[in-house]
Student: 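Pasting in a structure now, in structure tokens, and then I'll have a few things to ask.
Letters go in sequence order (proteins before strands), and every chain restarts at 1. As a basis for the values below, the full set of heavy atoms in this structure was taken, side chains included, without hydrogen atoms, waters or symmetry mates.
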2 protein chains.
Amino acid sequence: MTNTTLKLLAQQLQLSISTVSRALKDHPDISTATKEKVHALANSLDYEPNAYAIQLRTQSSKIFGVIVPAIANLFYDSFIAAIEEESRKNGYALMILQSSDNPDNELNNLKIFRQNRVSGVFACLSAHTQNLDVYEKMSERDIPVVFFDIVPKENKYTKVRMADERCAVIAAENIIQRGAKRVLALFGDPALSISQKRKLAFQQFMEKYAPKTHCTYLHTNSSQEAETAFHKHIGKMQKFDTVFAMTDEILIGVMKAIQALNIKVPKEIGVISISNGFIPSLYHPNISYVETSGYELGKLAFVQMLANIKGGKTLSELTVDAKFVEGGSM
Amino acid sequence: MTNTTLKLLAQQLQLSISTVSRALKDHPDISTATKEKVHALANSLDYEPNAYAIQLRTQSSKIFGVIVPAIANLFYDSFIAAIEEESRKNGYALMILQSSDNPDNELNNLKIFRQNRVSGVFACLSAHTQNLDVYEKMSERDIPVVFFDIVPKENKYTKVRMADERCAVIAAENIIQRGAKRVLALFGDPALSISQKRKLAFQQFMEKYAPKTHCTYLHTNSSQEAETAFHKHIGKMQKFDTVFAMTDEILIGVMKAIQALNIKVPKEIGVISISNGFIPSLYHPNISYVETSGYELGKLAFVQMLANIKGGKTLSELTVDAKFVEGGSM
DNA sequence: TCTAAAATTGCAAACGTTTGCGGTAAATTT
DNA sequence: AAATTTACCGCAAACGTTTGCAATTTTAGA
């Protein structure tokens, strides 16, 4: 079946295309009578404006691009869910591409976004992206970019991210408050700035406010690694009374080990992590965690995007605050 | 900065727009010499074809729409990841919208898809969608629809889904093989056909091949409900020696209860579920499960879509097969 | 050298909108 | 009744491509 167009409506009504167009959008120039006629026919013929024609004509697309390392990820999917909601409210649609942490894909995805003339892109850098030229190219095209989560260091970009240092400090506070004597602190890939930031903040805080507490710092790149690391370190020397997991991934490994060894939480060991809350709710007792909500981050990113679109350049780095959520594991 | 267009290239090269257009796509009519010139300038000027103009002209969009109840979902996000991969390989981009299980949103999303003249849509019905007219409308527009996971009953549609009955039967087989005497079987929302199918198949198989095994069937709508149901039923009368969870959601509730009561798996109770594998891997021992891979389903859906686009109508219902994955919980 | 065929390139219409501007008829003011 | 305003509507260009066809140039055949 052929789509109904303005032209078709115009022919059937013996009107000009422009009149039909204006009638459809309640232009004051058009009389109420014709407006009604037009609307009636448009409805009965199921008229749907052709987005491409509009975008071609108006040079603006009502589509946002989103680029994440992976969609299948507890954090990113809630981020996406958030901007999807906001987008719909504001009449935008979303185009989502994943980089799989591969800079080549990243490049390609950005290209697709440019070709589709998206009105803006939400970007999470892939783990080891060095070259930001592609993003420069977006700016040249006047396409605003809001970076989230993994963001570039330079402060000429608009970025939103979690308050990484705050997260680590809040975790440290709670560990101290528990009266921990020996803590095992597990962090992620040491090459990632997020790992560095969190570790640094955590370490400094502990050394300053609880210098007598013995801390062991480890970096692990997967649940597997975390699990085996835990097994290894829990065995030798005195047992830890508290364990801190920087991410869900790490927490998962730790908890498997804890279950395997049948260690009682929180009696024999306290557990605390940084998470968006889903994984911690899987265990009994619920794991206490410092909340980093992908959902909140998404909402924040969206207002930044809107600001960028409306008010020209709004360069800034906003962070969503962290808060402690009591589980029962501390 | 103003985008470079064919017109611009043509002017600078003293060529016609059509020649430039053809040169860029290696049309045999164009001489190698001019082709090279054109490509060179296009590169240096960062020419990027305007997708909207192309789509307007060619009436085809290279975009697929995806509609899911929620992106933030272990099953759907892996489904999405799969079709995203395939799409990229085939030069398509994805437009993803979530229905939040609300038929109104579903309606609206479909509308956006139509307006954007997507080349096809992957749709998962929202839980209680009754009216399929919207999807009929897509067909009228010659937009193929591939339903996945939650699909309509009528067989005039193209659908892919998990082999629900097989899943349930495989689970039942393993339960029988374990020599279970008393099993607690937990299913999801009884209004959903997926729950009905799985329960029916499970029940029939058990009654046929293990009539002496005592089975208790329950429906729960959330992790919470599953958890309390487990607590309630494990308390009174004789303990169950095996529990079957139809979904991840249910498994989560069950496992929380099991942890709380400190019941040993698999010694005191066997656990088996239907899952894509992530949740079962979170526990020690890993939970044995019947695999329903969103990823596989995505791949399958994509070939169906391609078939539909290329070869006209290909109405059929394909299912991705289920297989048992040994954990250590049985 | 002339002609026919082959190799190149350009013209112009079309895709479906939006929108500045000009035009006509009706309503209002003098 | 003439002049002016107001209300309504249509013309046509433009957005950036693609593509059938015609036009031109080059090459080959005789």
Student: Does D/dT17 have OP1 or OP2 under 4.0 Å away from a side-chain N or O of B/Y47?
Tutor: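 Answer is yes, contact under 4.0 Å.
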
Student: Between C1' on D/dC9 and NZ on A/K37, what's the gap in Å once rounded to a whole number?
Tutor: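 Whole-Å distance recorded here is 12 Å.
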
Student: Once side-chain contact (heavy atoms from CB on, under 4.5 Å) is applied, do any residues pair with B/D29, and if so which ones, sequence neighbours excluded?
Tutor: B/H27

Student: Over how many whole Å does the gap from A/L6 atom CG to D/dC11 atom P extend?
Tutor: 15 Å

Student: In whole Å, what is the span from the CG atom of A/L9 to the P atom of D/dG10?
Tutor: 13 Å

Student: Does A/K7 place a side-chain N or O at less than 4.0 Å from the phosphate oxygens OP1/OP2 of C/dC15?
Tutor: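 True: A/K7 side-chain N/O within range (under 4.0 Å) of C/dC15 OP1/OP2.
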
Student: Between the protein and nucleotides 6-13 of chain C, which nitrogen or oxygen pairs are less than 3.5 angstrom apart?
Tutor:
{"from": "C/dT9", "atom 1": "OP2", "to": "B/S31", "atom 2": "N", "distance (Å)": "3.1"}
{"from": "C/dT9", "atom 1": "OP2", "to": "B/S31", "atom 2": "OG", "distance (Å)": "3.2"}
{"from": "C/dT9", "atom 1": "OP2", "to": "B/T34", "atom 2": "OG1", "distance (Å)": "2.9"}
{"from": "C/dG10", "atom 1": "OP2", "to": "B/S16", "atom 2": "N", "distance (Å)": "2.8"}
{"from": "C/dG10", "atom 1": "OP2", "to": "B/S16", "atom 2": "OG", "distance (Å)": "3.1"}
{"from": "C/dG10", "atom 1": "OP2", "to": "B/T19", "atom 2": "OG1", "distance (Å)": "2.5"}
{"from": "C/dG10", "atom 1": "O6", "to": "B/R22", "atom 2": "NH2", "distance (Å)": "2.5"}
{"from": "C/dC11", "atom 1": "N4", "to": "B/S18", "atom 2": "OG", "distance (Å)": "2.8"}

Student: Expressed as a whole number of angstroms, how long is the span from A/N50:CG to C/dA14:C1'?
Tutor: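 Checked: the CG to C1' distance equals 13 Å.
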
Student: Please state how far atom CG in A/L56 lies from atom C1' in C/dT19, giving the value in whole angstrom units.
Tutor: 14 Å

Student: Using atom CD of B/Q115 as one end and atom C1' of C/dT17 as the other, report the distance to the nearest whole Å.
Tutor: 13 Å

Student: How close do B/V68 and B/C124 get, counting heavy atoms only, and between which atoms?
Tutor: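 Residues B/V68 and B/C124, closest heavy atoms: CA-CB, 4.4 Å.
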
Student: Taking any heavy-atom pair under 4.0 Å as a contact, classify B/S21: base, sugar-phosphate, or nothing.
Tutor: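 Base, at least one base atom sits under 4.0 Å.
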
Student: Could you check whether B/E296 pairs with B/K299 (Lys NZ or Arg NE/NH1/NH2 to Asp/Glu carboxylate O, under 4.0 Å)?
Tutor: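 Between B/K299 and B/E296 there is no salt bridge, as every charged N stays at least 4.0 Å from the carboxylate O atoms.
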
Student: If you look only at pairs with a residue in residues 32-49 of chain A, which of them pass as a salt bridge (Lys or Arg N to Asp or Glu O under 4.0 Å), with sequence neighbours excluded?
Tutor: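 Applying salt bridge (Lys or Arg N to Asp or Glu O under 4.0 Å) to every pair that reaches into residues 32-49 of chain A, excluding sequence neighbours, yields A/D26-A/K35, A/D46-B/K137, A/E48-B/R114.
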
Student: Whole-Å distance between C/dG16 C1' and A/L24 CG?
Tutor: 13 Å

Student: Ring centres of A/F79 and A/Y295 under 6.0 Å apart?
Tutor: no

Student: So does A/K159 pair up with A/E154, basic N to acidic O under 4.0 Å?
Tutor: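 Looking at A/E154 together with A/K159, the answer is no, because their closest N to O distance does not fall below 4.0 Å.
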
Student: A/L13 has an atom CG; how far is it from atom P of D/dG10, in whole Å?
Tutor: 10 Å

Student: Does A/Q55 make a side-chain N or O approach to OP1 or OP2 of C/dG16 shorter than 4.0 Å?
Tutor: no

Student: Are B/F122 and B/F147 close enough that their ring centers fall under 6.0 Å?
Tutor: no

